[in-house]
Amino acid sequence: MEENDTRGHFIQSIIEEDLKNNKNDGRVVTRFPPEPNGYLHIGHAKSICLNFHMAERFNGRCNLRFDDSNPEKEEQKYIDSIISNVEWLGFDYNGTPLFASDYFDRLYEYAVRLIEKGKAYVCSLTGEQIREYRGTLTEPGKDSPYRDRTVEENIDLFTRMKNGEFGEGEHCLRARIDMASPNINMRDPVIYRIKKMPHPRTGDKWKIYPMYDFTHCLSDAIEGITHSLCTLEFEDHRPLYDWILEELETECHPQQIEFARMDINFTVLSKRKLKRLVDEGHVGGWDDPRMPTLQAMRRRGFTPDSIKTFCSAIGISKKISRIDYGLLENCLRNDLNEKAPRRMGVLNPLEVEIENYPEGESEELTALNHPQKPEFGERTVSFSRRIYIERDDFMEDPPKKFFRLAPGREVRLRFAYFITCKSVEKDPETGEITKLVCTYDPATKGGDAPDGRKVKGTLHWVNAHDCMEADVHLYDRLFMAENPEEKGRDFTENLNPDSLNVKKGCKLEKNLETAEPEYVYQFERLGYFCVDSKLSGKQDVPVFNRTVTLRDSWAKIQKKRNK
RNA sequence: UGGGGCGUCGUCAAGUGGUAAAGACACAGGGUUUUGAUCCCUGCAUUCAGAGGUUCGAAUCCUCUCGCCCCAGCCA
């Protein structure tokens with residue numbers, strides 16, 4: 001990991017070069033600037049990790065600053081959620097979150113200064129006219145008839161805009177740059193608009209609000225940001241970013257650097273599409289464990305470390321990328337394999353009666369909490385005449401490479417005994433297997449045979465007399481197509497109908513009764529699971545989420561055979 | 001057809017003129033194993049979108065071509 005880190009990416013190289021040249025007196029200050037108009041997803045995590053890691057690596061700092069200049073879309077609940085996500089990931093944003101709205105007074109002063117310099121004017125064209133005057137991608141725009149208003153007139157109008165004397169859309173403040181610029185962002189962009197709407201933080205103090213291009217660069221400058229990292233679509237805005245700071249001669253002039261945002265296959269990562277999934281009821285909400293939002297991933301059992309590792313594994317570049325969902329899973333499994341204590345649970349129970357085990361008796365067996373880590377300690381699991389095993393672990397007529405239980409075969413019950421299947425009981429109506437009758441070898445207690453005989457398979461199991469009932473939610477990828485929007489189809493047409501599979505009547509070892517929400521266990525041979533934090537205590541039986549499966553080479557073999 | 005970007009293995013991604021083009025994931029094979037998990041080996045780009053050129057030497061420099069992405073909100 002560390003070695004991977006030292007290799008670095010182009011942004012890191014730029015910062016290192018700046019440091020070498022003592023560009024900002026050796027300071028590195030970055031920021032993560034979300035607009036509180038939605039919930040954060042894994043795509044945002046890439047930006048969060050980048051900004052915080054660069055600050056961390058170079059002994060700088062990283063601010064969490066809300067870009068809250070459009071009260072029409074922003075809400076307190078998003079602010080709260082974003083703060084909690086960043087904290088969950090474990091990043092330190094200097095104690096307190098910052099807000100662009102805290103700078104509204106200074107931003108206003110800057111706007112006035114721009115007017116005084118003759119570099120901004122109040123335009124009274126309608127929205128539609130502004131669009132017409134802007135020209136097109138291939139044709140230059142033309143000057144607004146209001147472009148040459150006097151400074152006095154502009155100041156008067158702008159003041160009255162601020163005082164709420166005009167209606168929305170009647171006037172706006174524009175930077176006076178170049179209507180013929182090949183870069184449309186430079187064609188006298190609007191920098192202030194009238195919006196008679198209360199703001200979540202400034203209430204009804206303001207009737208005018210600054211636009212992104214004006215707010216962002218100045219907020220960066222005010223905070224002394226050295227490297228302003230953003231996504232590729234803002235590349236065209238950089239000349240405007242620089243123009244504003246130059247005209248206003250700010251003490252600090254951060255360097256904007258753009259990188260590519262990511263996509264992940266089999267899912268979608270845009271607020272708009274995610275919102276549709278919620279609004280149209282395809283998922284249970286923004287925190288549905290199938291969603292790629294941070295709150296959903298947390299609920300599902302993802303660890304902050306797995307997300308951070310993922311973000312550094314995908315790298316930073318300017319190439320549009322579609323990352324394998326498998327990579328995310330790999331990072332998750334790697335982390336969970338280290339951290340998750342082992343338990344046993346049976347999802348599709350099949351009863352096994354051990355006919356030579358004394359009726360009415362039971363015993364406690366010792367089980368390791370982690371096969372490679374003795375420091376995880378041990379626990380006891382109880383064993384008796386009746387147990388449950390996984391239905392998939394038995395086949396009446398097994399194929400060649402099936403190592404599990406079958407008539408006449410002997411297997412090991414993990415941490416318990418060798419058992420041999422003697423007979424199979426079936427429902428006479430349906431033919432469904434209802435019970436297996438087996439014998440056990442008392443000499444194999446703990447799982448080793450004193451005579452040295454080997455068995456090929458080891459099965460997980462639970463004591464039928466002493467286990468807990470639970471519902472388990474199994475998740476699969478949300479979409480069936482790598483690119484949910486492929487072939488020009490609406491992405492909702494590619495939804496995976498089996499992305500949620502609710503298993504009722506699962507049997508788990510009793511030790512799981514004390515499991516805390518979001519604390520992930522490995523159910524041996526099955527995968528990683530945690531108690532659902534939202535449903536916890538709201539149903540008669542606990543609900544476990546399957547965070548991710550284990551790698552399953554048996555499933556792979558089967559898949560191949562079926563092809 | 002204007003402007004701004006991007007093109008290195010199936011997917012990400014190092015590489016910034018000098019002998020053999022990192023690494024990760026995926027994939028394939030083998031070993032260990034009381035999880036068909038983990039772990040450990042091995043293999044996996046004579047080639048860097050394509051074509052020319054400069055050079056003793058190019059993925060790296062030059063020219064042209066092709067492909068893909070972004071921009072015409074009083075959104076961010």
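Quick caveat: nothing in here was measured; it's all calculated off a predicted structure. Values reported hereafter were calculated over all heavy atoms of this structure, with side chains retained and with hydrogens, waters and symmetry mates removed. Throughout, protein chains are lettered first and strands after them, A, B, ... in sequence-line order, and every chain is numbered starting at 1.
Atom CG of A:Leu526 is separated from atom P of B:G36 by 10 Å (rounded to the nearest Å).
Rounded to a whole angstrom, the distance from the P atom of B:G17 to that of B:C39 is 38 Å. To the nearest whole angstrom, the two P atoms, one in B:C70 and one in B:G10, are 24 Å apart. Rounded to a whole angstrom, the distance from the P atom of B:A21 to that of B:C40 is 26 Å. Separating the P atom of B:G43 from that of B:G7 is a span of 30 Å, rounded to the nearest Å. Separating the C1' atom of B:G23 from that of B:U63 is a span of 34 Å, rounded to the nearest Å. For the C1' atoms, the distance linking B:A26 with B:G67 amounts to 25 Å, nearest Å. Taking atom P on both nucleotides, B:U60 is separated from B:G18 by 12 Å, rounded to a whole Å. Taking the C1' atom of each, B:G57 and B:A72 are spaced 48 Å apart, rounded to whole Å.
Annotation: side chain to side chain contact (heavy atoms under 4.5 Å, CB included) contacts of A:Lys207 (sequence neighbours excluded): A:Asp204. For A:Cys438, the side chain to side chain contact (heavy atoms under 4.5 Å, CB included) criterion is met by A:Val352, A:Leu405, A:Ile419, A:Cys421, A:Leu436, not counting sequence neighbours. Every side chain to side chain contact (heavy atoms under 4.5 Å, CB included) that A:Ser81 has, sequence neighbours left out, goes to A:Tyr39, A:Asn85, A:Gln295. Under the rule for a ring-ring contact (aromatic ring centres under 6.0 Å, His included), A:Tyr528 has no partner lying at least two apart in sequence or in another chain. For the side-chain hydrogen bond (donor to acceptor under 3.5 Å, both in side chains) test, residues two or more places apart in sequence or in another chain that qualify with A:Glu338 are A:Lys373. With sequence neighbours left out, the side chain to side chain contact (heavy atoms under 4.5 Å, CB included) criterion links A:Glu72 to A:Asn70, A:Lys195, A:Met197. Among residues two or more places apart in sequence or in another chain, the side-chain hydrogen bond (donor to acceptor under 3.5 Å, both in side chains) test is passed with A:Tyr133 by none.
Residues from residues 328-345 of chain A lying near RNA chain B, meaning a heavy-atom separation below 4.0 Å, are A:Asn330, A:Asn337, A:Arg342 in numerical order. For the segment residues 450-460 of chain A, residues with any heavy atom less than 4.0 angstrom from an atom of RNA chain B are, sorted by number, A:Thr458.
B:G2 and B:C71 make up a base pair, with Watson-Crick or G-U wobble contacts both under 3.5 Å. The pairing partner recorded for B:C44 is none, the criterion being a Watson-Crick or G-U wobble arrangement whose two distances lie under 3.5 angstrom. Pairing partner, B:A21: none, since no Watson-Crick or wobble contact has both distances short of 3.5 Å. With a cut-off of 3.5 Å on both pairing distances, B:U32 has no Watson-Crick or G-U wobble partner at all. Base pairing of B:U63 is made with B:A51, judged by Watson-Crick or G-U wobble geometry with both donor-acceptor distances under 3.5 Å.
Applying the ring-ring contact (aromatic ring centres under 6.0 Å, His included) test to pairs two or more places apart or on separate chains, those with a residue in residues 169-198 of chain A are A:Phe158-A:Tyr192, A:Phe166-A:His171, A:Tyr192-A:Phe214.
Ring pair A:His370/A:Phe376 is tilted by interplanar angle, where 30° to 60° counts as tilted. The aromatic rings of A:Phe491 and A:Phe479 lie tilted to each other, with the angle between the two planes from 30° to 60°.
A:Asp448 comes within contact range of at least one nucleobase, with a heavy-atom separation under 4.0 Å. Within 4.0 Å of A:Gln522, counting heavy atoms only, lies at least one base atom of the nucleic acid. Here A:Phe402 lies in heavy-atom contact (under 4.0 Å) with a base. Nucleic acid contact class of A:Phe415 (heavy atoms, under 4.0 Å, all strands): base.
Interface remark: the A:Arg404 side chain does form a donor-acceptor pair with the B:G36 base, using a distance-only criterion of under 3.5 Å.
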Q: List the protein contact pattern of nucleotides 5-10 of chain B with one symbol per nucleotide (5' to 3'): B for base contact, S for sugar-phosphate-only contact, - for none; contact means a heavy-atom distance under 4.0 Å.
A: SSSS-B

Q.
What does the B/S/- profile of nucleotides 71-76 of chain B look like, 5' to 3', with a 4.0 Å heavy-atom cutoff to protein?
A. BBSBBB

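Listed pair A:Ser321 / B:C12 fails the phosphate criterion, with no side-chain N or O lying under 4.0 Å from OP1 or OP2.
Checked by atom type and distance alone, the side chain of A:Arg193 never pairs as donor or acceptor with a backbone atom of A:Ile191 at under 3.5 Å.
Between the side chains of A:Arg333 and A:Thr549, a donor-acceptor pair is found at a separation under 3.5 Å. Between A:Gln522 and A:Glu524, the side chains place no donor N or O within less than 3.5 Å of an acceptor N or O (distance only, hydrogens not considered).
Checked against A:Asp188 for a side chain to side chain donor-acceptor pair (under 3.5 Å), the options A:Arg134, A:Arg147, A:Arg176 give a single hit: A:Arg147.
Glycosidic torsion of B:G18 falls outside 90° of 0, placing the base in anti.
Ring centers of A:Phe529 and A:Phe544: at least 6.0 Å apart, outside the cut-off.
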